[in-house]
K.L.:
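Would you mind keeping the following structure in view while I ask a few things?
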Amino acid sequence: MSLQCPRCHSRRVACFHQAMKAGAAIGTVGGAARGVSAALAGGKAGGAIGALAGPIGVPLGTLSGAILGGLAGGVGGCALGAQLGESLDRHVLANNLCLTCGHRFNLPS
Ligand SMILES: [Zn+2]
């Protein structure tokens with residue numbers, strides 16, 4: 001960590017990653033919602049596949065299809081949200097704060 005304030009050149013600089021956390025949270029919620037609809041679709045597909053295996057295959061197929069669909073949707077949504085939050089963090093919000101003069105700025109990277 002060799003951050004420096006562009007105004008007073010102090011090295012006492014704090015970093016925030018609020019946008020990334022918010023983005024990940026939003027993405028997780030969105031992903032979970034998408035996961036639910038994916039789970040419903042997966043459950044239907046699983047049930048149809050399970051029906052081929054006989055009466056016991058229907059609930060088994062529905063369950064495994066729903067679990068797989070939900071997991072895939074949730075994980076995908078979270079990754080997407082974190083990515084979105086990170087780019088917001090990097091390009092839009094000032095996430096560095098100088099503890100000496102109070103100046104807010106972004107990393108020059
Ligand atoms: Zn400063």
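We count ligands from 1, going down the list as the structure has it; atoms in each ligand are counted the same way.
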K.L.:
Identify all side-chain donor-acceptor contacts of residues 57-68 below 3.5 Å with residues at least two apart in sequence or on another chain.
P.N.:
{"unit_1": "T62", "atom_1": "OG1", "unit_2": "V58", "atom_2": "O", "d": "2.7"}
{"unit_1": "S64", "atom_1": "OG", "unit_2": "L60", "atom_2": "O", "d": "3.1"}
{"unit_1": "S64", "atom_1": "OG", "unit_2": "G61", "atom_2": "O", "d": "3.3"}

K.L.:
So, for C8 and T100, which heavy atoms are closest and what is the spacing to 0.1 Å?
P.N.:
SG-CB, 4.2 Å

K.L.:
Who passes side chain to side chain donor-acceptor pair (under 3.5 Å) against R12, sequence neighbours left out?
P.N.:
none

K.L.:
Please tabulate, one pair per line, all N/O donor-acceptor pairs under 3.5 Å involving side-chain atoms of residues 39-46, not counting sequence neighbours.
P.N.:
none

K.L.:
Around atom CD1 of I56, are there more than 12 heavy atoms from other residues, nucleotides or ligands closer than 6.0 Å?
P.N.:
no

K.L.:
Return the set of protein N, O or S atoms whose distance to the Zn ion (ligand 1) is under 2.8 Å, each given as residue and atom.
P.N.:
C5 SG, C8 SG, C98 SG, C101 SG

K.L.:
Using atom types as modelled and distance alone, determine if a side-chain donor or acceptor of Q4 lies under 3.5 Å from a backbone N or O of H9.
P.N.:
yes

